[in-house]
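Report on the structure given below.
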Number of protein chains: 2
Amino acid sequence: MGVLGGMGPLAGATFAARLVQLTPVTADQAHIPVLLRNDPRIPDRSANRLSDGPSPLPAMIEGMQDLQRWGADCVVIPCNTAHLWFAQLRDSVSVPVLHIVDSVIQDLQRNGIHDGPVGVMGTPATIQLGLYQDALRAAGYEPLTDPDNVIRDLSMQSIAAVKSNQDALAFAPAAEAVGRLTDLGARAVILGCTELPLAIPPVRRNEFSVVISDSIDALARAVLDAFSRPASASQAAG
Amino acid sequence: MGVLGGMGPLAGATFAARLVQLTPVTADQAHIPVLLRNDPRIPDRSANRLSDGPSPLPAMIEGMQDLQRWGADCVVIPCNTAHLWFAQLRDSVSVPVLHIVDSVIQDLQRNGIHDGPVGVMGTPATIQLGLYQDALRAAGYEPLTDPDNVIRDLSMQSIAAVKSNQDALAFAPAAEAVGRLTDLGARAVILGCTELPLAIPPVRRNEFSVVISDSIDALARAVLDAFSRPASASQAAG
């Protein structure tokens, strides 16, 4: 299993750790072999999509091809914003690539949420470009985002705190955003940036009255599904 | 920076995460690029040293050489027991390899512990074969281990709980071992197996009256030192 990490590096490492923690085995040797390319030098994804920053695409493609050359037979990308380039990344390699948005929708269904309003948190680029909204509508959900940019600003405060290793400061703004989306009627809230699950860690999810769908854990569960039922991997990559 | 992980896989992923968390920067792009080969199929290290299990050495050498071939210009191994084969692993590649025991001794000194009794926790193989004890004596410390095997047994209970993803069960036995070593006069206690820092996570270290030297964090700090002062990397590998 190849992991194109570095976006950010803590999300990449946390994905590798959560994959181990969510695997129901006791012996080291029973875990899925992982190759994590946690190179943070990939140019900023949001800065490119929303202003005039350099494109991250060449560096991301180089990473995908490295992972394939090093023997990965399936690749995941624990960065939601990077999925704005998903088609190009998938087409740059011949091995299957799991899509993080598909994984989150599977996670909603696993949690019994099959329709209705679902809140989306994420970077301004993913929200503005509709990464989750289009897929949610296609799957029968009603995406709730941000009429007044408050949730966007709270999400960004929280993401910036995680990227500065100030997890204690990251919780409050993220929790406020979840609360506002809940007040708007959300049945579930998607932590649609891989820094946000670090702001609201798994042990604190029970403080909320809605289902929290964590894009890191959702992607890890999709990997476990793909490896336990190999036939589904190529389908998920389609 | 290449990381030979998988021993266990959670220790490998946690090392990658702690390296990010201990790096004092705010932008993704300023972090150290890491390549984590988290392949857990390496045969059990203790089982080989203490009974008749297959040797992990060929699989470890393959991993070291993979990392070098993939571009790592320095390698670390976040598994204490694997360091029983350190000379062979270091000699299998031409790039520098940092030694986890050197990193822990630097960590003791960073914490103001320059001599006196120091408790050692770890796998039976590392304790029985003296991985830490010899280096501590050479550096002027008095290693405290385990006259009656109680600390060994508590350590193993805790390590087994971490490897089963039952972190809640891992704390109590590890904490009892730290307490017993403190009662024996230890000025510091070394968590000399990379599962043990997961049993006593950083947020709970202040519950103890002695310095806790965490072999995962110590190795991460040694990497940060090596990358900020490149000249020290090859020395540390010597």
Side-chain angles (χ1 to χ4, degrees), chain A residues 1-3 5-47 54 56 59 63 66-67 69-71 79 159-168 195 198 203 220, chain B residues 1-3 5-47 54 56 59 63 66-67 69-71 79 159-168 195 198 203 220:
Chain A
M1 165 62 50
V3 183
M7 306 179 286
L10 190 55
T14 301
F15 171 82
R18 292 298 293 163
L19 180 62
V20 177
Q21 290 173 323
L22 294 171
T23 304
V25 301
T26 59
D28 285 359
Q29 288 73 15
H31 285 275
I32 295 172
V34 163
L35 189 51
L36 166 64
R37 185 185 186 279
N38 217 27
D39 188 338
R41 293 170 297 184
I42 297 171
D44 189 85
R45 284 66 60 196
S46 294
D66 278 350
L67 288 167
R69 193 169 56 251
W70 299 339
C79 171
I159 293 166
V162 170
K163 285 189 186 283
S164 308
N165 285 326
Q166 299 184 292
D167 287 6
E195 264 71 30
L198 304 166
V203 294
Chain B
M1 167 62 50
V3 182
M7 306 179 285
L10 190 55
T14 301
F15 172 81
R18 292 297 293 164
L19 181 63
V20 177
Q21 290 174 323
L22 294 171
T23 304
V25 302
T26 59
D28 285 358
Q29 289 73 16
H31 285 274
I32 295 172
V34 163
L35 189 50
L36 167 64
R37 186 184 184 281
N38 217 28
D39 188 337
R41 292 171 296 184
I42 297 171
D44 189 86
R45 284 67 61 196
S46 293
D66 278 349
L67 288 166
R69 192 170 56 249
W70 299 339
C79 171
I159 293 165
V162 170
K163 286 189 185 286
S164 310
N165 284 326
Q166 297 184 293
D167 287 7
E195 266 70 30
L198 305 166
V203 295

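Every chain is numbered from 1 and lettered A, B, ... according to where its sequence line falls, protein lines coming before strand lines. What you see is a predicted model; the values in this text were computed from it and never measured.
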**Report entry** Residue B:M7 versus chain A: region with a heavy atom under 4.5 Å
**Finding:** backbone
Query raised in the report: Hey, does A:P40 have a side-chain heavy atom less than 4.5 Å from the side chain of B:Q29?
Result: no
Requested in this report: Kindly indicate whether the side chain of A:P33, heavy atoms from C-beta on, has any atom under 4.5 Å from the side chain of B:R41.
Outcome: yes
**Report entry** Under 4.5 Å from any heavy atom of chain B - which part of A:D39
**Finding:** both
**Report entry** Which portion of B:V3 sits near chain A, non-hydrogen atoms under 4.5 angstrom
**Finding:** neither
Requested in this report: Can you sort out the partners of B:R69 under side chain to side chain contact (heavy atoms under 4.5 Å, CB included), two or more places apart, ordered by chain and number?
Outcome: B:D66
Query raised in the report: Checking A:P43 against chain B: side chain, backbone, both or neither under 4.5 Å from a heavy atom?
Result: backbone
Requested in this report: Output all residues satisfying side chain to side chain contact (heavy atoms under 4.5 Å, CB included) with B:L67, sequence neighbours left out; order by chain, then residue number.
Outcome: B:L4, B:L35, B:R37, B:W70, B:A72, B:V75
Report task. Over all heavy atoms of both residues, which pair between B:A220 and B:L22 is shortest? Give the atoms and the distance, please. Result -> CB-CD1, 3.9 Å
Query raised in the report: Does a side-chain heavy-atom distance below 4.5 Å link A:L36 with B:V34?
Result: no
Query raised in the report: For A:L19, is it the side chain, the backbone, both, or neither that has a heavy atom closer than 4.5 Å to a heavy atom of chain B?
Result: neither
Report summary line: Checked B:S164, B:P9, B:A17 vs chain A; the most non-hydrogen pairs under 4.5 Å come from B:P9
Report task. Heavy-atom distances under 4.5 Å only: say whether B:D28 touches chain A with side chain, backbone, both or neither. Result -> both
